[in-house]
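Residue numbers count from 1 along this sequence.
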Amino acid sequence: MVKIFVITYSTYGHINKVAESIVKGLQKSGVEVGRYQIAETLSDEVLGMMHAPPKADIPVIDANKLAEADGYMFGFPTRFGTAPAQVKSLLDSTGAIWQKQSLAGKPTGFFFSTGSQHGGQESTILTTLPFLAHHGLLYVPLGFSHPNLFDNSEVVGGSAWGAGTVANGDGSRMPTEKELVIAEVQGEKFGAIAAKLAA
């Protein structure tokens, strides 16, 4: 069975909430799902000053584990329009599996969270694509595959690049039902593409 890893870094829980819908969609497509989180690099003291809740009870992934999957869906918030340092730390640790070309040809998708509508959802993914290029990973975007992506009646996170949510600068806004539906659709479509690639 095709195995997809859903790998997140989530400070306040928004990304983990979106990931639940990504997983639902993947499971609907018939693939096996492995759920992991990226290691925290901030100290407990700093996290306390940020009023960050305790981390979810999700296994922490390391670079070598990545080789076991047939595809990946990464979810993380933006930090000034790029991936957080924690994500970069994981990606920077993949030199050994890069030498073996362990990830080459495997599909990869993204989902994300920003503090505002214009907080860098698309640039966060755009600036992560060089990692895919160097590993020979295949980027699978969401495309405009759901009507919610055309909804201008309210704030709706996500774009052709992937599902997303807008958290507000203070983290007070949790993912909406429309955003979670987009995420589930992304998961299902990604799983179907990954299965075709693995056939």
> Is the count of non-hydrogen atoms from other residues, nucleotides or ligands lying under 6.0 Å from E45 atom CD greater than 12?
Replying inline: no
>> With a sphere of 6.0 Å drawn around NZ of K17, does it hold more than 12 non-hydrogen atoms of other residues, nucleotides or ligands?
In response: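 Counting other residues, nucleotides and ligands, NZ of K17 stays at 12 neighbours or fewer.
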>> Just by distance, no angles: are the side chains of E188 and S29 close enough, under 3.5 Å, to form a donor-acceptor pair?
In response: no
> Strictly by modelled atom types, are R79 and T11 linked by a side-chain donor-acceptor pair under 3.5 Å?
Replying inline: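 Judged by distance alone, the side chains do pair up.
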> What's the verdict on side chain to side chain contact (heavy atoms under 4.5 Å, CB included) for M73 and V23, showing C-alpha distance, side-chain angles and the deciding distance?
Replying inline: CA-CA 9 Å; M73 294 202 71; V23 169; over 6 Å; no
> Can L180 and T165 be said to form a side chain to side chain contact (heavy atoms under 4.5 Å, CB included), step by step?
Replying inline: CA-CA 9 Å; L180 296 176; T165 189; over 6 Å; no
>> Hydrophobic cluster membership, with links at side-chain heavy-atom distances under 4.5 Å among I/L/V/M/F/W/Y: are F144 and I182 in one?
In response: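 They do share one cluster, since a chain of ILVMFWY contacts under 4.5 Å joins F144 to I182.
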> Quick one: do F131 and V140 end up in the same hydrophobic cluster if we chain Ile, Leu, Val, Met, Phe, Trp and Tyr together by side-chain heavy atoms under 4.5 Å apart?
Replying inline: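 Each belongs to a different hydrophobic cluster.
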>> For the OG atom of S93 and the CD1 atom of I61, what is their distance to the nearest 0.5 Å?
In response: 10.0 Å
Under-4.0 Å salt bridge between [X] and [Y]:
{"X": "E179", "Y": "R173", "answer": "yes"}
{"X": "D70", "Y": "K106", "answer": "no"}
{"X": "K28", "Y": "E184", "answer": "yes"}

>> Could you tell me if the side chain of F112 sits less than 4.5 Å from the side chain of S159, heavy atoms only?
In response: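 A side-chain contact under 4.5 Å exists here.
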> Side-chain contact, heavy-atom cut-off 4.5 Å: L138 with L197?
Replying inline: yes
>> I need the minimum non-hydrogen distance between A19 and V6, along with the two atoms involved.
In response: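 Shortest heavy-atom contact: CB-CG1, 4.2 Å.
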> Knowing that exactly one of Q99, H135, H134 qualifies, which makes a side chain to side chain donor-acceptor pair (under 3.5 Å) with T94?
Replying inline: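 Going through the options one by one, the only one that passes is H135.
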> What do the steps show when you test K88 against T41 for side chain to side chain contact (heavy atoms under 4.5 Å, CB included), and what is the final call?
Replying inline: CA-CA 11 Å; K88 190 74 165 55; T41 60; over 6 Å; no
>> One pair to check against side chain to side chain contact (heavy atoms under 4.5 Å, CB included): T108 and F74. What are the steps and the verdict?
In response: CA-CA 8 Å; T108 305; F74 288 96; 3.8 Å; yes
